[in-house]
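All values below were derived from every heavy atom in this structure, side-chain atoms included, with hydrogens, water molecules and symmetry-related copies excluded. Here is the naming used below: chain letters follow the sequence lines, and residue numbers restart at 1 for every chain.
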Protein chains: 2
Amino acid sequence: MSDGSTKKPSRIQQRNRHLILDAALEVFSRHGFRGATLDQIATQAGLSKPNILYYFGGKEDIHLTLLSQLMETWLDPLVEMNAAGDPVEEILNYVQRKLDMAQQLPRESRLFAGEILQGAPRMRPELESKLKPLFDEKCAVIQSWIQQGRLPPLDPRHLIFSIWASTQHYADFESQVSLLMNEGDDTYASAATHLNMMFRTLLQG
Amino acid sequence: MSDGSTKKPSRIQQRNRHLILDAALEVFSRHGFRGATLDQIATQAGLSKPNILYYFGGKEDIHLTLLSQLMETWLDPLVEMNAAGDPVEEILNYVQRKLDMAQQLPRESRLFAGEILQGAPRMRPELESKLKPLFDEKCAVIQSWIQQGRLPPLDPRHLIFSIWASTQHYADFESQVSLLMNEGDDTYASAATHLNMMFRTLLQG
DNA sequence: TCGTAGATTTACCAAATGGTAAAATTTAAT
DNA sequence: ATTAAATTTTACCATTTGGTAAATCTACGA
């Protein structure tokens, strides 16, 4: 009824697959693909190693499943950028959504960053098939805003890169950021203020 | 005569240590610490594995040597930021130096990024002793510029984070960037233009 | 040229790790 | 309750990998 290849995942299956993926996200995001071990994932999930391999084909399979699930969530904030809205507001809202994502899903951000850092060996196909078309589409939207005179002339691609970099930085480089920020301060709140100002002046000035 | 613990590195020693560190930089930056193997490093260096361990105490030693050497180079552009200069020019020059560095030393950038991404397990002491004091010092410089009315009010810490993030992005996420940029374009040239404009409007507007 | 310190290779080892087979246990429909 | 299917554990295995010991080779000053 659902996808034709399997009947229906039992409650145990559903629970354990989720446990494993959550544990794997924790471990992969902290240690990278090769740095992570099935034993670590098993311990984190509270299951035995062979039991994990009962639910997934192998280490690679778990990693790939995570990346695949992540892609959707990851692209969502950009999908929401609406060509019919106000350019400045749309882009500033996008910045805020990306920053929120870094704050709320830091493990996902680091998993993604680690994969890209190593040349995207396991994710390139999905980058090409999902990220690239969306990126091109939104670049075209921004370009049209510029041509309508609603934004100053700038390279949409680099604008998006700057947004990605400056927001994800707080998740990916968290260990450095927390070392350099004073503990009392709310890093994400002040980051939101700063990034809002930075991109607002860029888009309006 | 040089450092008191060793006589003098022979020509062979000098050459081979350099070969090994260069090979290790290549391998570590691409695969991370655990992802890299001594065999890979040995092959890349054109030496045998035991021969590599003749020159270094072990895998960890090689990695630590690389990170230690890198720190100096890495902080240099920020050191050059001069409190006596023009604020906007000083910061824009800093942006450009960081971008040049990403372009010319992408392996070093990725090595650094990978270490931070994993929580800086091997570099935290040096981050605390070298990066943090310099960071605090330059934040104070920027703060004084602001108090003198020579820069608009902004959080110096987040300004520096934004500069780091948006410049290093081109090295650390190179695989993604190259996938999304059209091949004919000069990525770094257009990035320089964009970042210059972005930070100029922020600092002047 | 000879001898020795320096450099390199050969042949290993122990631990870690991804993975498997099969027995044992639990679950759930009848 | 019975039984068949699903799940979990126990006991392994082969490969990879960081590292070592000792033999061998090479550079180089006396």
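Salt bridge status for B:Arg157 with B:Asp136: absent, with no side-chain N to carboxylate O gap under 4.0 Å. A salt bridge links A:Glu26 with A:Arg30: the distance from a Lys NZ or Arg NE/NH1/NH2 to an Asp or Glu carboxylate oxygen falls below 4.0 Å. With respect to the salt-bridge test (charged N to carboxylate O, under 4.0 angstrom), the residues A:Glu174 and A:Arg110 do not qualify.
Closest heavy-atom contact between A:Arg97 and A:Pro77: NH2-O, 3.0 Å.
Here the C1' atom of nucleotide C:dG19 and the CD atom of A:Gln40 are 17 Å apart, to the nearest Å. The interatomic distance linking B:Arg17 (CZ) with C:dA7 (P) rounds to 12 Å, in whole Å.
Counting only residues at least two apart or in different chains, ring pair (Phe, Tyr, Trp, His ring centres under 6.0 Å) contacts with residues 114-137 of chain B comprise B:Phe135-B:Phe161, B:Phe135-B:Trp164.
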Any protein N or O atoms within reach of nucleotides 27-30 of chain C? Criterion: under 3.5 Å, listing atom names and distances.
none

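An OP1 or OP2 oxygen of C:dT8 is reached within less than 4.0 angstrom by a side-chain nitrogen or oxygen of B:Asn16. Remark: B:Gln13 is in phosphate contact with C:dA7, judged by side-chain N or O atoms under 4.0 Å from OP1 or OP2. Contact annotation: A:Tyr54 side-chain N/O to D:dT8 OP1/OP2 distance is not under 4.0 Å.
In the model, A:Glu126 has a side-chain atom that pairs as donor or acceptor with a side-chain atom of A:Ser68 under 3.5 Å. Side-chain contact annotation: B:Ser190 with A:Asp155, donor-acceptor N/O pair under 3.5 Å absent.
Residue-level contact check: A:Tyr55 touches the backbone only, with heavy atoms under 4.0 Å from sugar-phosphate atoms and none from bases.
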TODO: Evaluate the criterion side chain to side chain contact (heavy atoms under 4.5 Å, CB included) for residue pair A:Tyr170 and A:Leu195; output intermediate values, then yes/no.
DONE: CA-CA 12 Å; A:Tyr170 292 95; A:Leu195 292 177; 4.2 Å; yes

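Taking the centre and axis of the six-membered ring of B:Trp74, the NZ or CZ atom of B:Lys130 falls outside the cone set by 45° and 6.0 Å.
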Open item on the list: I need a per-nucleotide contact map over nucleotides 9-23 of chain D, read 5' to 3'. Cutoff is protein heavy atoms under 4.0 Å; write B for the base, S for backbone only, - otherwise.
Closed with: BBB-----SBBB---

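Evaluation of the ring-ring contact (aromatic ring centres under 6.0 Å, His included) rule for A:Trp145 yields no partner, not counting sequence neighbours.
For DNA chain D, none of the residues of residues 21-32 of chain B falls under the heavy-atom distance limit of 4.0 Å.
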Under 3.5 Å, sequence neighbours excluded: what are the donor-acceptor pairs made by side chains of residues 36-47 of chain B?
unit_1	atom_1	unit_2	atom_2	d
B:Thr37	OG1	B:Gln40	N	3.0
B:Thr37	OG1	B:Gln40	OE1	3.4
B:Gln40	OE1	B:Thr37	N	3.0
B:Gln40	NE2	B:His31	NE2	3.4
B:Thr43	OG1	B:Asp39	O	3.0

